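The sequence lines fix the lettering, A, B, ..., with proteins before strands; numbering per chain opens at 1. Bear in mind that the values here come from a model prediction, so they are computed numbers and not experimental data.
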Amino acid sequence: MTTPAHRIQRGVSLYSYQEEFFLRTMTLEDCVRAAAECGALGIEIIPEQSIPGYPQLTEEFLQTWHGWMAQYGTHPAATDLFLDTKRHPGRWLTLEEQVASVRQDVDIAVRLGAPVVRAIINTPPEVMEAAAPYAEEAGVRLLLEVHAPFHYEHPWVLQHLEVMYRTGSPALGLMPDMGTYVRRFPRVVSDRALRDGAKPELVDLIVSTYDDHGDTHALMDVVNYRGGGPVEFGLARQATHYIWSEPKAMLEHMGLIGHVQAKFYEMTDEGVEYSIPYDEIVPVLIEGGFAGHLSSEYEGNRHVQDAFPVDSVEQVRRQHAMFARLLGETTGEDA
Amino acid sequence: MTTPAHRIQRGVSLYSYQEEFFLRTMTLEDCVRAAAECGALGIEIIPEQSIPGYPQLTEEFLQTWHGWMAQYGTHPAATDLFLDTKRHPGRWLTLEEQVASVRQDVDIAVRLGAPVVRAIINTPPEVMEAAAPYAEEAGVRLLLEVHAPFHYEHPWVLQHLEVMYRTGSPALGLMPDMGTYVRRFPRVVSDRALRDGAKPELVDLIVSTYDDHGDTHALMDVVNYRGGGPVEFGLARQATHYIWSEPKAMLEHMGLIGHVQAKFYEMTDEGVEYSIPYDEIVPVLIEGGFAGHLSSEYEGNRHVQDAFPVDSVEQVRRQHAMFARLLGETTGEDA
Amino acid sequence: MFDQYIVCEEGFRAHEDGRPGGVVEVRMPYYRGLALSMVEAVDLVLDGRPVPADRTTFTVHGHTYGFDQLPHTTDDRWEMGERAQLAFTTDEPLAPGEHDVAVSVRLRISYMPVPGGGRDSKRLTLAGA
Amino acid sequence: MFDQYIVCEEGFRAHEDGRPGGVVEVRMPYYRGLALSMVEAVDLVLDGRPVPADRTTFTVHGHTYGFDQLPHTTDDRWEMGERAQLAFTTDEPLAPGEHDVAVSVRLRISYMPVPGGGRDSKRLTLAGA
Ligand SMILES: [Mn+2]
Ligand SMILES: [Mn+2]
């Protein structure tokens, strides 16, 4: 198999190890090491998750952080910002406060050494526009995460694209979350609903409606007509949150795409993601000349933790074995 | 103007006078008379709304009812059934109980003299199939109300169509609700939200997203990103309940369509429905050879009652003036 | 759709027999009648204090029920627009004059995935006892 | 996503100073930390009885707050996975042995139109006082 030349780098968002980090069975250093061990050298970090005391970063922490990067051969790939527009009860952050919040996260990215900042999907386009010069000066790209159920034709994303194309700011761009390419319903989610007591025939209805990419508009209603209750309604609601469209839609905006969040729910024993067709996605990224990180976002833990041990490290390892294969890297096994 | 020959009859569902009937400012007889006075001679009745003591019908009531029909020159056009699958707490009606419920409503339709029964959208296809022979024997058609957000390609409706085409039962058919052809957002609904304190720019966003027939998938999210609260969320939810598609879609199934519910929200001073293009719908019904009732369902009262006097009689009168015009009836005014 | 009509402006009165508490008349916020088994709650908050359901009774067209009886009552109905009497017992007699009366109705409507019903509150003047 | 981890199995204890009531350790069901101003409620139900919020206090990394203080506290955070101490006062001292502890956390998460958070309940044994 020959794979075209490409400049895609592999990475991991430490979001992927949330189960173990939450339960304190892995430290932050353990997370960095785990990523490095599967050859994912780009580290994406959510400061509000991983760094107690955020938004303060101590010199000691920074020294440790950069020390790990050197020690494990990793490099900071991205940070993820949140925009807490509802920080204060009863009032919204002003535009100025929102921009200040983004600037603060740009500063943090600079100190951590990350060239990219994920702007969460609720970041308004005018905040992106106002923060762009600051990010540009800081040498950091501010990338809007295009998260399900959004897509490139959605009015909200179109408003962002208008800002990006009009200003032409090199600091602005997109960060697609591959949760926008869920071709079939994640079975870890439907299996969980079954364990929670959902009626199998209603689970089938929901899953097959999703898998047929049919009309989920009134799915909740139909589940109700068929005798569903809260568990089935929850599953039906999930089905309206996932979306599928052709990954080729990224090609049109590839110039803006600086980082990809490789959301996944389950890497099977066969080494493929159950619901997201990475074997179609990765070739699109190669074709488009994508030169950023393909950064793991494991999100299956919440769906299996009730009944099974969560092994995020193994799940990420499997995803990167798949990426190495799809990216044409010569692995030890092949040699 | 010449209008093609047609066999469409005009009618009113007494649902239209719900405000006045609820408040006891109109009696049931007043409702029948009001319909007759606008030339809508087909009376659609919701027994559970209009007949205290349902499901019992006294001989005295029946005599009065048929007396009104004779007195006002009206005739029963349809009854509307509900299927209370959750009648008992903690358990669902069995299939047998559901069929028995439908049969009971068929009996009531027969006693009231109505040739058509509206089957509510939550009626399962297997209940329709099981009740069809009974309805056929009773000489009554059981018509599934195709209500927003359902349409003829929706899996739920497809299951019903499968039963209808497979059994070929003359007792089964469809009753489209014209709330499935809402081309633009009803302004009585958005005006109410403004009176309830919704931010004008968010009302504009919701209305224009609907009117552009854009993606309402994440509309609630965007309204949140833009600072919306409960009133705006309620309006966004409304926007996902209305639907628009081409009325011509009815042509394919016209053989099954035995009655049409002419849902409306506002007849303007200019004599048109603000949001539903009846000037496109009526020609489709004529073209398809529709021979049932076009039966008013006024539903604007709930959106104006907080601030304005409700005049359902005038609203229905205006709708029928419009229908008379679109159906090419010679009116006194033209003569 | 009829939330604003739930609490009737008329008929708010103390018990005739002098027991502490009274009666408020209420209508169902729905466009048809329902068997009582589908009336899940008619909750009363009087002057800001919730009145427990077991201190209220519910009367439609002369038939009185406790709220523990409603779930099993499939052969009687709260008709569309009908004024039902929600009778309640309080510790102290109601003071003459104005009171805040808030009523929330929860209905089990089969075609809806979420509970139906609605809420209303009005400031009512106690009718002369 | 972390509902089942809200109530910590360890650390459920009576007050050391003998006041009636005790402490339960709780974690936030969310994948990041939040400023305390966005923690809208941490409601405790003990053996089926709700404990009013004004009889509880909330401690993160040694800083103790009343729930009336949280809305204004934007400069301290409940970190991801951090065990906070929810201290509560009861009328009677807690009986030794097992208790039902139910905690519901409500969070104001800006990108969500509905409240975030979650709930958990566990049967916990009171640590020897
Ligand atoms: Mn993501
Ligand atoms: Mn209808």
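The structure places CZ of B:Phe22 at 12.5 Å from CD of C:Glu79, a figure rounded to the nearest 0.5 Å. Interatomic distance, OG of C:Ser37 versus NE2 of B:His88, reported as 6.5 Å (0.5 Å rounding).
Side-chain N/O atoms of B:Glu19 and C:Tyr5 include a donor and acceptor closer than 3.5 Å.
With a 4.5 angstrom heavy-atom cutoff, C:Thr74 touches chain B only via side-chain atoms. Heavy atoms of B:Asn301 lying under 4.5 Å from chain C belong exclusively to its side chain. Interface residue B:Tyr54: backbone and side-chain heavy atoms are both found under 4.5 Å from chain C. Of the two parts of B:Leu83, only the backbone, made up of N, CA, C and O, holds a non-hydrogen atom closer than 4.5 Å to a non-hydrogen atom of chain C. Of the two parts of C:Glu82, the backbone and the side chain both hold a non-hydrogen atom closer than 4.5 Å to a non-hydrogen atom of chain B.
Heavy atoms only, all atoms of each residue included: B:Pro89 and C:Pro71 are closest at CD-O, 3.3 Å. Scanning both residues, C:Gly81 and B:Arg24, for their nearest heavy atoms gives C-NH2, 3.4 Å. In this structure, C:Ser110 and B:Arg87 approach most closely via the heavy-atom pair OG-N, 4.4 Å.
Remark: B:Arg33 CZ is packed, more than 12 non-hydrogen atoms of other residues, nucleotides or ligands lying under 6.0 Å away.
Contact count against chain C (heavy-atom pairs under 4.5 Å) is highest for B:Lys86 among B:Arg302, B:Lys86, B:His303, B:Glu299.
B:Leu23 has its side chain within reach of C:Arg27: a pair of non-hydrogen atoms, C-beta onward, lies under 4.5 Å apart. Side-chain contact between C:Tyr111 and B:Thr123: absent, with no pair of heavy atoms (C-beta onward) separated by less than 4.5 Å.
Ring geometry for B:Tyr15 versus C:Tyr31: interplanar angle over 60°, hence perpendicular rather than tilted (30 to 60°).
A distance-only check finds a donor-acceptor pair linking the side chain of C:Gln4 to the backbone of B:Gln305 [under 3.5 Å].
Shown are B:Glu48, B:Gln49, B:Gln18; of these, the side-chain hydrogen bond (donor to acceptor under 3.5 Å, both in side chains) with C:Arg32 is made only by B:Glu48.
A salt bridge does not link B:Asp84 with C:Arg77: every distance from a Lys NZ or Arg NE/NH1/NH2 to an Asp or Glu carboxylate oxygen is 4.0 Å or more.
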